[in-house]
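The model shown is predicted, which means the values in this text are computed figures rather than measured ones. Reminder, nothing fancy here: chain letters follow the sequence lines and each chain counts from 1.
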Number of protein chains: 2
Amino acid sequence: MGRLPTFETTAVVTAARDLFWDRGYEATSIADLETVTGVNRSSLYHAFGSKRGLFDAAVQDYLDTVIRPRLSVLLGPTAGTAGLLAYVDGLRSAVAAVPDDSPRRGCLLVNCAAGLAGHDAAARLVVDGYRTELIAALRHSLEVAGAPGDLDEKAIVLSSLTISAMLLARIDRREADAVLGAARRHVTSWLADDR
Amino acid sequence: MGRLPTFETTAVVTAARDLFWDRGYEATSIADLETVTGVNRSSLYHAFGSKRGLFDAAVQDYLDTVIRPRLSVLLGPTAGTAGLLAYVDGLRSAVAAVPDDSPRRGCLLVNCAAGLAGHDAAARLVVDGYRTELIAALRHSLEVAGAPGDLDEKAIVLSSLTISAMLLARIDRREADAVLGAARRHVTSWLADDR
DNA sequence: CCTATAGTAGACCGATCGTTTCAGAATTCA
DNA sequence: TGAATTCTGAAACGATCGGTCTACTATAGG
């Protein structure tokens, strides 16, 4: 009963997510969010409670529609060598494809780690969970691939290289690509050792 | 001629730098800067022109008093194996020493890369210059140490690990230390290969 | 001491911040 | 159709933003 919303929640969250991704939490204003979503602030507050509520929804959407699809190659039937290479190559083509002036450069959660998460326990938890998930996925594929040596350490190294690449993607695409190239060579050299 | 300043410029810049370091550019207000420096805004504007002017001075100070002293072990008479290990160990003890609620966690320029530098060409230049300097220093020490293989790539990997560690230092000290531990093991394994 | 110069305190500026309020529009159920 | 419910637009809230202005103070050189 009652009036129906005139907007699609998922579309609003996606638009807000891209703006937060581009500018960060603090530098994004409610007025900006109204513009980019096409929805009046009263409706935003009705639906999400606060700016932070909308941000949290945006982060959840980021995890669900950006991060996890990317990690799936490390966990599904492609897990192993193919998955590791597909993961790195997927990141590389994403970095190469996104234009310099676009939102969606780098990683929303990496930006969050450098900003909000410094003083916000809830944000820190999300970032930490993301990193745990990333390392677990990398480790799983390393295990399936039969990589030798300390797999935890190898997963840490790979995750660190991707995190650095995401940070660099906001500064210089070529440098980000160079880091991901190094990550790829790490993977191939580890697996070559095994044969 | 005329009245003399009642504050020391260097002390003001240091205090402002630590606040920017902790909170980032956007989340730091002029009122905060007045509090932490003990200097009225009219004096700050007289001395630095704008909030951004003070930030630029803070970044310069950060480069001069934090970054370059840390890089010196990679370039001076200790350059080589000792320098590389000293650099990594220096970072590790710094990460371990800084309490969780302190400013000076992580790296001002890493935070800047994720924030300001995304949309500010001048900030991007500074961050890029820092990374160039870091890689050059690492490469120099790798060369002096006689590390085998592609030194550019090894320098990129080491710099990526330290950058990730600086990002993680704001989230979880232990994870940052684990990454730096991996960096240290990379160094020793490369140099072991050479013997 | 006098005057020119430079630094400081605090009030004040318009703009913008996140949030709230409220009247009215749209819809469902009876 | 009438009442209950929900969503929406616009205006407004106090707080705070970065920045400016002015009156006053302190000092150096003559």
Side-chain angles (χ1 to χ4, degrees), chain A residues 1-59 111-112 115-123, chain B residues 1-59 111-112 115-123:
Chain A
M1 56 184 74
R3 184 175 175 176
L4 299 175
T6 59
F7 57 88
E8 267 194 89
T9 302
T10 64
V12 166
V13 170
T14 300
R17 178 249 281 164
D18 284 357
L19 196 61
F20 283 127
W21 192 345
D22 188 35
R23 303 203 199 159
Y25 178 75
E26 331 231 31
T28 301
S29 72
I30 305 289
D32 295 332
L33 290 165
E34 284 182 296
T35 303
V36 82
T37 61
V39 171
N40 189 278
R41 61 183 62 198
S42 69
S43 301
L44 293 177
Y45 273 85
H46 187 81
F48 301 100
S50 66
K51 178 187 177 184
R52 183 56 187 272
L54 179 50
F55 179 75
D56 291 341
V59 168
N111 301 343
C112 185
L116 241 201
H119 289 282
D120 184 298
Chain B
M1 54 186 75
R3 183 174 177 177
L4 298 175
T6 60
F7 58 88
E8 269 194 89
T9 303
T10 63
V12 166
V13 170
T14 300
R17 178 249 281 165
D18 284 356
L19 196 61
F20 283 127
W21 191 346
D22 188 36
R23 303 206 201 157
Y25 178 75
E26 330 233 29
T28 301
S29 72
I30 305 288
D32 295 332
L33 290 165
E34 285 182 295
T35 303
V36 82
T37 61
V39 172
N40 189 277
R41 63 181 61 198
S42 68
S43 300
L44 293 178
Y45 274 86
H46 188 79
F48 301 101
S50 66
K51 178 187 178 184
R52 183 56 187 270
L54 179 51
F55 179 75
D56 291 341
V59 168
N111 301 344
C112 185
L116 241 203
H119 289 284
D120 183 298

* What is the distance from CG of Leu116(A) to P of dG18(C), rounded to the nearest Å? -> 12 Å

* To do: Let me know the distance between OH of Tyr45(B) and P of dA9(C), rounded to the nearest Å.
  => 16 Å

* When the distance from NZ of Lys51(A) to P of dA15(D) is rounded to whole Å, what number comes out? -> 19 Å

* Of the listed nucleotides dG18(C), dG19(D), dT8(D), the one nearest the side chain of Pro5(A) -> dT8(D)

* To do: Grab the CG-P distance between Leu33(B) and dG18(D) for me, whole Å please.
  => 8 Å

* Asked: Are any of Ser29(A)'s side-chain N or O atoms less than 4.0 Å away from OP1 or OP2 of dC17(C)?
  -> yes

* Asked: Counting only side-chain N and O atoms of Ser42(A), is one of them less than 4.0 Å from OP1 or OP2 of dG9(D)?
  -> no

* Within 45° of the ring axis of Tyr25(A) and under 6.0 Å from its six-membered ring centre, is that where the NZ or CZ of Lys51(A) lies? -> yes

* Asked: For the residue pair Ser50(B) and Tyr45(B), what are the closest heavy atoms and their distance?
  -> CA-CE2, 3.7 Å

* Provide, to the nearest angstrom, the distance between the NE2 atom belonging to His46(B) and the P atom belonging to dT5(C). => 14 Å

* Send over the distance from Phe7(B) CZ to dT25(D) P, rounded to a whole Å. => 20 Å

* Answer yes or no: side-chain N or O of Arg3(A) and base N or O of dT5(D) forming a donor-acceptor pair under 3.5 Å. => no

* To do: Rounded to the nearest angstrom, tell me the gap between atom CG in Leu44(B) and atom P in dC17(D).
  => 14 Å

* Asked: What residue among Val12(A), Leu44(A), Val39(A) forms side-chain contact (heavy atoms from CB on, under 4.5 Å) with Leu33(A)?
  -> Leu44(A)

* Check whether the side chains of Asp32(A) and Ser29(A) place a donor and an acceptor atom closer than 3.5 Å, and report yes or no. => yes

* Asked: Does Thr6(A) put a side-chain nitrogen or oxygen below 4.0 Å from OP1 or OP2 of dT8(D)?
  -> yes

* Classify the side chain of Arg41(A) versus the base of dG9(D) as yes if they form a donor-acceptor pair under 3.5 Å and no if they do not. => no

* To do: Mind calculating the distance between CG (Asn40(A)) and C1' (dA23(C)) to the nearest angstrom?
  => 14 Å

* With a non-hydrogen cut-off below 4.0 angstrom, is Ile30(A) in contact with a base, only sugar-phosphate, or nothing? -> base

* **First of Ser43(B) and Gly49(A) reached from the 5' end of DNA chain C, by closest nucleotide** => Ser43(B)

* Asked: Pick the nucleotide of DNA chain D nearest each of Gly38(A) and Ala31(B); which residue has the one closer to the 5' end?
  -> Gly38(A)

* To do: Supply the atom-to-atom distance Thr6(B) OG1 to Asn40(B) CG, rounded to the nearest 0.5 angstrom.
  => 9.5 Å

* Starting from the 5' end of DNA chain C, give me the residue, Glu34(B) or Glu26(A), whose nearest nucleotide shows up first. => Glu34(B)

